[in-house]
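Letters A, B, ... mirror the listed sequences (proteins, then strands); counts begin at 1.
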Amino acid sequence: MTVRTRFAPSPTGYLHVGGARTALFSWLHARKHGGVFVLRVEDTDRERSTAESVNAILEGMTWLGLEYDEGPFYQTERFDRYRAVIQQLLDEDKAYHCYCSKERLNSLRVEQLKNKQKPRYDGHCRDRRDSPSGSVAPVVRFKNPPDGNVVVNDLIKGRVVFSNTELDDLIIARSDGSPTYNFTVVVDDMDMEITDVIRGDDHLNNTPRQINILNALGAATPAYAHVPMILGADGQRLSKRHGAVSTMQFREEGFLAEALLNYLVRLGWSHGDQEVFSIDEMIKLFDINNVQRSAASFDREKLLWLSQHYIKTSDRAHIAHHLSRHLGQLNVDPTTGPALVDVVDALRERAKTLVEMAQTSAVYYRGFKGYDEKDASKFLKPEILGALTDLQERLALVSDWTAEAIHQVIQETADAHGLKLGKIAQPLRVAVVGRAVSPPIDVTLTLVGQERTLEALDKAQIYIRQREVGPT
RNA sequence: GUCCCCAUCGUCUAGUCGGCCUAGGACACAGCCCUUUCAAGGCUGCAACAGGGGUUCGAAUCCCCUUGGGGACGCCA
């Protein structure tokens, strides 16, 4: 039997990291077993579902590369099917119309809470035969078995036993006839022949109800795997209104999708001491049975570390491609300076995100406005003027502008003036990029280019002379 | 309140049939080394089995209780 998993988000917001991880696990599980990954949009709540949310979720999945094999299926397009199954249940006396008013339900609930009981429907209409012609439009409730146990053999949590006496007759169709969540999931998982249901563990409590409905329908029960929640850095559950950021937000912040994926897969799952996983390795090594049973906290620092790792090790053209997007957001035109791949090579070891890389590489395309004050006053000093002038003359003579050639010239100049390399490299750095931090000075000069380097040196000398005569 | 789940360094985790654990790795943090800046890299350090009972020759690993987190209890999904 081929493995079939599904990711079933409800389009009431963007795709956040918790959902993304659940999707990743489902996808991985399907891929590992050569199975099928289905995407299903659970939009039966028409009040809150929006097309924008659907797009946001699809966009997030695409960015992460979690491609689905079937779907997306929309539950709102399957209402006929749900109606038919509800009718079938009604015909077989496995469901019934309930005419209880919301007021009655509410007072029942209040009463139960007062008696320290779990609030649940008391089965008032379960055996009624009449259909009152009153004003209350009926809902349809499922006849849950009154006793016995339901056992869930969860792939992650292990064996979990629920007593039917804890369950009540849940509503499967609202008074307007529309089906509810616990019912549509069951019908869909059955129709779509889902073999492995992988979802957040907030659904563990729904599972016995769903199994009961599945049984009533004579359908086989799939395997279940309930993955723990992701908590925020404060230990609180991550939710849309509490710290959960959109998956796409990570792209905006300059993370590579592979870094996020790697971070997510290690959140709750591990393979010995291994920290870095390529997509292929994840597929090969991932095992749903090895997923942690407890919740995990989201740690941005570690994500940042992985981000840096991928920036450091990924193909230069790949990074350049994604970097250009962030450069664009800074209104930097990458065609006005050094080749992007060279900038990537120079900066990849000193950027944790692409946004950071874009910011520090901007200077190679549009120059800089003014010197960093502290750095200028520390390095652009009169005593270095002679060496700088000499250096400029020597650099002007360089015919092949390579890091090696540049390095040799700088070293020679330093030697000629009895200076250590750093003594001349720092002033040069400030002259050329405006501050005392940049990649190795020879590499930096290749990025800046010979012409602009010489110009920068002119300005630096002018600056130093002015400073010399100016008031201190 | 009732039911369900969970519990190893600050964080992610290793620890699979109890002994190889004076509990390992990674992130973060601190120090040192390297060094033309910043990084990167190397080395070292800091730091945990929630508590209490059992079972056993022996428990982080099994059982129970307590405590602490989380979840569910909707005509939301």
* Between Lys284(A) and Glu281(A), does at least one N-O distance fall below 4.0 Å, as a salt bridge requires? -> no
* Using the C1' atom in both, what is the distance from C5(B) to C20(B), to the nearest Å? -> 33 Å
* Heavy atoms under 4.0 Å is the rule here; annotate nucleotides 18-23 of chain B 5' to 3' with B where the base is hit, S where only the sugar-phosphate is, and - elsewhere. => ------
* To do: Look at the aromatic rings of Phe298(A) and Tyr263(A) and report parallel, tilted or perpendicular, splitting at 30° and 60°.
  => perpendicular
* Inter-nucleotide C1' distance (G24(B), G15(B)), Å rounded -> 8 Å
* Asked: Are any of the side-chain nitrogens in Arg316(A) or Asp345(A) under 4.0 Å away from the carboxylate oxygens of its partner?
  -> yes
* Structure fact -> Between NE2 of His309(A) and C1' of C27(B) the distance, given in whole Å, is 14 Å
* Asked: Can you say whether the rings of His16(A) and Tyr14(A) are parallel (under 30°), tilted (30 to 60°) or perpendicular (over 60°)?
  -> perpendicular
* To do: Taking atom P in both A47(B) and C6(B), compute the distance separating them and give it to the nearest angstrom.
  => 31 Å
* What interatomic distance, in whole Å, is found between C1' of U66(B) and the corresponding atom of C29(B)? -> 34 Å
* Asked: Does C38(B) have a Watson-Crick or wobble mate here (both distances under 3.5 Å), and if so which one?
  -> none
* Give a yes or no on this: more than 12 heavy atoms of other residues, nucleotides or ligands lie within 6.0 Å of atom CD of Glu383(A). => yes
* **Set of residues satisfying side-chain hydrogen bond (donor to acceptor under 3.5 Å, both in side chains) with respect to His203(A), sequence neighbours excluded** => Tyr181(A), Asn206(A)
* **Sugar-phosphate or base contact per nucleotide [nucleotides 6-14 of chain B; S, B, -; heavy atom under 4.0 Å]** => SS---SBSS
* **Side chain Arg81(A), main chain Glu77(A), donor-acceptor under 3.5 Å** => no
* To do: May I have the distance from Asp287(A) (atom CG) to U16(B) (atom C1'), rounded to whole angstrom?
  => 12 Å
* Rounded distance in Å between the P positions of A14(B) and A26(B) -> 15 Å
* **Between G71(B) (P) and Tyr224(A) (OH): distance, integer Å** => 22 Å
* Can you give one letter per nucleotide of nucleotides 30-50 of chain B, going 5' to 3': B for a protein heavy atom under 4.0 Å from the base, S for sugar-phosphate only, - for none? -> ------BBBBSS---------
* Asked: Between atom CG in Asp201(A) and atom C1' in C5(B), what is the gap in whole Å?
  -> 6 Å
* To do: Considering just the side-chain nitrogens and oxygens of Thr184(A), establish if one lies under 4.0 Å of OP1 or OP2 belonging to A77(B).
  => no
* To do: Any strand is fair game: report the nucleotide pairing with A72(B) by Watson-Crick or G-U wobble, both distances under 3.5 Å, or none.
  => U2(B)
* Determine, stepwise, if the pair Gln75(A) / Arg78(A) fulfils side-chain hydrogen bond (donor to acceptor under 3.5 Å, both in side chains). => CA-CA 5 Å; Gln75(A) 293 190 319; Arg78(A) 290 172 46 77; over 6 Å; no
* **First of Ala8(A) and Leu303(A) reached from the 5' end of RNA chain B, by closest nucleotide** => Leu303(A)
* Starting from C1' on G1(B), measure out to CD on Glu111(A) and report it in whole angstrom. => 14 Å
* **Separation of G70(B) P from Met229(A) CE (nearest whole Å)** => 13 Å
* For Glu42(A), which contact category applies under a 4.0 Å heavy-atom criterion: base, sugar-phosphate, or nothing? -> sugar-phosphate
* **Value in whole Å for how far the P atom of C4(B) lies from CD of Glu166(A)** => 7 Å
Scan nucleotides 72-75 of chain B against the protein and return all N/O pairs shorter than 3.5 Å with their distances rounded to 0.1 Å.
residue: A72(B); atom: O4'; partner: Asn205(A); partner atom: ND2; Å: 3.2
residue: C73(B); atom: O2'; partner: Pro119(A); partner atom: O; Å: 2.6
residue: G74(B); atom: OP1; partner: Arg109(A); partner atom: NH1; Å: 3.0
residue: C75(B); atom: O2; partner: Ser175(A); partner atom: N; Å: 3.0
residue: C75(B); atom: O2; partner: Ser175(A); partner atom: OG; Å: 2.9
residue: C75(B); atom: N3; partner: Ser175(A); partner atom: OG; Å: 3.0

* Whole-Å gap separating C1' (G71(B)) and CD1 (Ile230(A)) -> 15 Å
* Classify the angle between the aromatic ring planes of His271(A) and Phe277(A) as parallel (below 30°), tilted (30 to 60°) or perpendicular (above 60°). => perpendicular
* Mind checking what makes side-chain hydrogen bond (donor to acceptor under 3.5 Å, both in side chains) contact with Gln87(A), not counting sequence neighbours? -> Asp91(A)
* Asked: Would you call Asp168(A) and Arg141(A) a salt bridge, using N to O less than 4.0 angstrom?
  -> no
* Asked: What nucleic acid atoms does Thr44(A) come within less than 4.0 Å of, heavy atoms only: base, sugar-phosphate, or nothing?
  -> sugar-phosphate
